[in-house]
Amino acid sequence: MNNVKDYITTHKDRFISELFNLLKIPSVSADSAYADDVIKTAQTVKSSLMNAGCDIVEICETKGYPIVYGEKIIDANLPTVLVYGHYDVQPADPIELWDSDPYEPIIKATKKHPEGAIFARGACDDKGQMYMHVKALEFMIKTNQLPCNVKFMIEGEEEVGSDNLGIFVANNKEKLKNDIILISDTGMIANHVPSITTGLRGLSYVEVEVKGPNRDLHSGLYGGAVANPINILTKMIASLHDENNHITIPGFYEKVEELSAEERAEMAKAPFSKEAYQKALDIETVYGEKGYTTNERNSIRPTLDVNGIWGGYTGEGAKTVIASKAYAKISMRLVPNQDWKEITQLFKTHFESIAPKGVVVKVTPHHGGQGYVTPINTIGYQAASKAYETTFGKKPIPQRSGGSIPIVALFEKELESKTILMGFGLDSDAIHSPNEHFGVWNYLKGIETIPYFYKYFTEMNA
Ligand code: BES
Ligand code: MN
Ligand code: MN
C-alpha cells in the first residue's frame, strides 16, 4: 500500500470532522423518539459510501430501520470482502454522568489516549470503527489501490438484536456473496499490544416477573402473612449461583466447550495485570467462578447476570408497602456449543420450578444469539495478522472476547463465510457507558491497517 500514511496525514482533519458529523446525530435504535435521527444517519452513511467511490449504494428498507448496502466490484474473478458494521447506538443515559454532551463530540487526552480521544455516544461502538472502513475504502479507491471487490452492509438495529438484518441476509444470499466478512466492532488488548478477536459469546436475554397478592398491600397489616414478591424474587435470583459461583440451572453447562490445558496455557500468555484491572474499576478484588482466571471468566465461560431489578416503592422517603409484583432483566452470556434457545428454555423451566407456592412466576424471553469462534489457520486470519504486523510492528495476539455480535453466527450459517474481527477499541473506552470515547490514534491506525488486510487477503487467495 503506497503512501497510506501520507494520505492519512493529509486528510486526518477531514476524517475526524466527517466522523464528528456522524456522531452528532443521535441514532438510538432502542428509543422511538429518535426514529428520524436513525434514518438520517442511514442517509449520511449512504452519502459517505458514495463519496468514497462505491459504484452502487442503496438504502434497503426493512420492517425496522434500513440497512445501507454499497459495493465496488472491480473483477468477478477477484475475491470479495463484505464489511459489516452498525450505525445505531445505545441510549446515552444516564445523561447526567457525562462530562460533555454525548452528541457534541469533543477531543480530550486521557491516560490511555495521550494523543486524544473522541468523546461521544457511538465513537467506538460502532460509528468510529465502522467509519474507519469507509475511509480505508476511500484511500484505496482514490489512489487506485483497491485490490479486490468490496461490499458494505451497515445496519441500524444491532443494539436491539438485529432481527431484521437476519431476514435481509437470508433473503439476499446472492447479493451478499463474499469470500470473507470483515468487522470492526470489538476491541484489542492495548495500543502497544495488538490483538485480533477470535471469539464472541452467545446471549440469552430474559425478563422475569414474580406476582404475589393482587394489589400492593400495607406492609404492617399484611407483612409476614403473605409472600412478598420482591423478597421471593431476590431469593430466587440468589439461588442461581452456588458458593463457587457456578450457575445452578440443571443442564446449563452440559454442552459447554472445555478448553484443553494447552489452550488455557496459550490464553494465559496474554498480558494482564490483576492489580491494574482492580484499580481501574476501584474494586478490592476480582470476583467470579471458582477455578478460572479473570480472562477465562469473561471469555470462555458462560455467565448469568441481573441487568436490572425493580418493584415496590423507590421514590423519595419511605413508603411501607408490599408490592404486588417484582421484576428483573437477566442476561446469560454463552460459549460455543451452547444453544441460546435451549438455554432460554432451561432457564424458564428451572426458574418456574423454584417458585414457592404463593407467587406466580412469568419468564419472557427477549433476544438472543449464538456465540462464535474464528479459526486462526485460515487465509483470512493470516491476512489480518500480517496487516497488524505491518502497521503495529508486532504480531497480534488472538483473543476471545466476552461481548456478543449475534449476527456473526448467522452470517456463517446463511452466507457460509468466516468473519474476521479487527477491533481497534479498548475495554476502557466505556462503550454503552457514560463518556464513551475512541482514541484518535486508534481511529487512524485502523484506517492504516485495513487496506493491508485487503492487499494480503487478495495476494494469499491468488
Ligand atoms: N460491539 C458490541 C459487542 C462487543 C463489544 C463485542 C466489544 C466484543 C467487544 C455490540 O454492539 C454489542 O453491544 N452487543 C451486545 C449484544 C446485542 C444483541 C445487544 C452485547 O454484547 O451486549
Ligand atoms: Mn457494536
Ligand atoms: Mn454495542
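In each ligand, atom 1 is the first atom listed, and ligand 1 is the first ligand listed. In this chain, numbering begins with 1 at the start of the sequence shown. What's counted below: heavy atoms across the whole structure, side chains too, no hydrogens, waters or symmetry copies.
- How far CG of N178 is from CD of E416: 10.5 Å, rounded to the nearest 0.5 Å.
- Considering backbone and side-chain N/O atoms, D185 comes within less than 3.5 Å of an N/O atom of ligand 1.
- Within the structure, ligand 1 has D125 among the residues with a heavy atom less than 4.0 angstrom away.
- Within the model, atoms NZ of K151 and CD1 of I181 stand 10.5 Å from one another, a figure rounded to the nearest 0.5 Å.
- Separation of the Y69 and F152 ring centroids does not fall under the 6.0 Å cut-off.
- Counting only heavy atoms from C-beta outward, the side chains of R201 and P302 never approach each other to under 4.5 Å.
- In this structure the side chain of Q338 reaches within 4.5 angstrom of the side chain of V256, judged on heavy atoms.
- Here the protein heavy atom with the shortest distance to atom 16 (C) of ligand 1 is S404 O, 3.7 Å.
- Backbone and side-chain nitrogen or oxygen atoms of H367 are examined, and none is located within less than 3.5 angstrom of a nitrogen or oxygen of ligand 1.
- With rounding to the nearest 0.5 angstrom, the CD1 atom of I183 is 8.5 Å from the CG atom of L82.
- For ligand 1, one of its N or O atoms has an N or O atom of H86 under 3.5 Å away.
- Taking 2.8 Å as the limit, the number of protein N, O or S atoms around the Mn ion (ligand 3) is 4.
- Applying the 4.0 Å criterion to heavy atoms of E158 picks out, from ligand 1, the atoms 10 (C), 11 (O), 12 (C), 14 (N), 17 (C), 19 (C).
- Aromatic pair H241/H246: centroids not less than 6.0 angstrom apart.
- By the 30° and 60° cut-offs, the orientation of the rings of H11 relative to Y7 is tilted.
- Note on ligand 1: Q90 sits outside its first shell, no heavy atom being nearer than 4.0 Å.
- For the pairing with I300, the side-chain contact (heavy atoms from CB on, under 4.5 Å) check across R400, E257, E258 returns one residue only, R400.
- Not a single donor-acceptor pair under 3.5 Å links the side chain of S32 to the backbone N or O of A35.
- Taken from CG in D31 to CG in D37, the straight-line distance is 10.5 Å, to the nearest 0.5 Å.
- The nearest heavy-atom contact from the protein to atom 6 (C) of ligand 1 is G403 CA, 3.7 Å.
- Per-residue contacts place S401 under 4.0 angstrom from the following atoms of ligand 1 (heavy atoms of the residue considered): 8 (C), 9 (C).
- Using a 4.0 Å cutoff on heavy atoms, H432 counts as a contact of ligand 1.
- For the side-chain hydrogen bond (donor to acceptor under 3.5 Å, both in side chains) test with T197, the passing option among T374, T419, T186 is T186; the others fail.
- Within the 4.0 Å heavy-atom criterion, the part of P406 lying near ligand 1 is the side chain and not the backbone.
- Of the options Y131, Y443, Y388, W441, a ring pair (Phe, Tyr, Trp, His ring centres under 6.0 Å) to F424 is made by Y388 and by none of the others.
- The shortest separation from a heavy atom of I431 to ligand 1 is under 4.0 Å, placing the residue in contact.
- Nearest protein neighbour of atom 19 (C) of ligand 1, counting heavy atoms only, is E159 O, 3.6 Å.
- Of all atoms in ligand 1, listed by their number and element, those nearer than 4.0 Å to a heavy atom of R333 are 20 (C), 21 (O), 22 (O).
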